Every structure is written in structure tokens, then in C-alpha cells.
Asks: 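Sharing a structure, written as C-alpha cells. Questions coming.
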Amino acid sequence: MFQLLISRYGSRLRDFWYEAQKKAKKTARDRGLQGWNDVVIWRDFKPIYIPEDIWPHYLEHVTSELFT
């Protein structure tokens, strides 16, 4: 039962961050920025529901060796 909860909520959290990243990319692309798929470009397009102090940490995580 516990593993099922971890699996379910883990995927929801992953989906939450994926949607936040997707919105930042879309905003950068809609503004006509070159390289809109690059983290450096969409860093300034934080979704409004993500706190200011959390977004930079998420971006560091995404650009870490775990994702390269």
C-alpha cells in the first residue's frame, strides 16, 4: 500500500514539474526567443504558481549531471 502511494504521488510531482517546465518553454517560444528549449533562456519565465526561491533550485536540478 505504501509503495503504491509513493508511486502515485511521485508521478504526480513529476507531472507537476514537467508542466511548469513546459509552460516556461512555451512562454519563451511565444515571445520569439531563439533557443527557447534551453534552460538558460526560459529561466526568466517562471510560472506564477512556483515560488521565487524554488524555481532556481529546480533549474539547477534539471541541469545537473542526473539529466545530462
Side-chain angles (χ1 to χ4, degrees):
M1 174 74 170
F2 185 69
Q3 290 294 70
L4 177 65
L5 289 174
I6 290 174
S7 173
R8 174 185 251 175
Y9 291 114
S11 67
R12 285 186 179 178
L13 184 59
R14 183 186 63 239
D15 293 345
F16 169 82
W17 284 111
Y18 174 74
E19 286 300 316
Q21 181 176 331
K22 196 164 97 174
K23 286 181 182 187
K25 287 180 183 182
K26 182 180 180 325
T27 303
R29 185 180 63 230
D30 290 349
R31 293 195 182 176
L33 296 174
Q34 294 292 331
W36 56 267
N37 201 30
D38 188 5
V39 174
V40 174
I41 300 297
W42 47 269
R43 176 174 296 180
D44 297 329
F45 301 104
K46 176 191 77 59
I48 59 171
Y49 53 86
I50 306 287
E52 291 288 333
D53 57 334
I54 300 296
W55 187 243
H57 294 291
Y58 170 71
L59 296 176
E60 284 179 27
H61 179 68
V62 170
T63 58
S64 71
E65 290 183 14
L66 292 172
F67 290 93
T68 56

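Bear in mind that the values here come from a model prediction, so they are computed numbers and not experimental data.
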Asks: So which atom in A20 and which in P47 form the shortest heavy-atom distance, rounded to 0.1 Å?
Replies: O-CG, 3.5 Å
Asks: So how far is it from L59 CG to I50 CD1, rounded to the nearest 0.5 Å?
Replies: 10.0 Å
Asks: For D30, give me all partners under side-chain hydrogen bond (donor to acceptor under 3.5 Å, both in side chains), at least two apart in sequence or on another chain.
Replies: K26
Asks: Excluding sequence neighbours, so at least two apart, what forms side-chain hydrogen bond (donor to acceptor under 3.5 Å, both in side chains) with K25?
Replies: N37
Asks: Taking all atoms of both residues into account, what is the closest heavy-atom pair of I41 and A28, and its distance?
Replies: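 Where I41 meets A28 most closely, the heavy atoms are CG2-CB, 4.1 Å.
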Asks: Once rounded to the nearest 0.5 Å, what's the spacing between atom OH of Y58 and atom CD1 of I54?
Replies: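 The CD1 atom of I54 is 13.0 Å from OH of Y58, to the nearest 0.5 Å.
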Asks: Among residues two or more places apart or on two chains, list those pairs meeting side chain to side chain donor-acceptor pair (under 3.5 Å) that have a residue in residues 38-53.
Replies: none
Asks: Would you give the length of the straight line joining atom NZ of K23 to atom CZ of F45, rounded to the nearest 0.5 angstrom?
Replies: 15.5 Å
Asks: Hydrophobic clusters here meaning ILVMFWY residues chained together by side-chain heavy-atom distances under 4.5 Å, can you tell me if W55 and L13 are in one?
Replies: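 Yes; L13 is reachable from W55 via cluster members.
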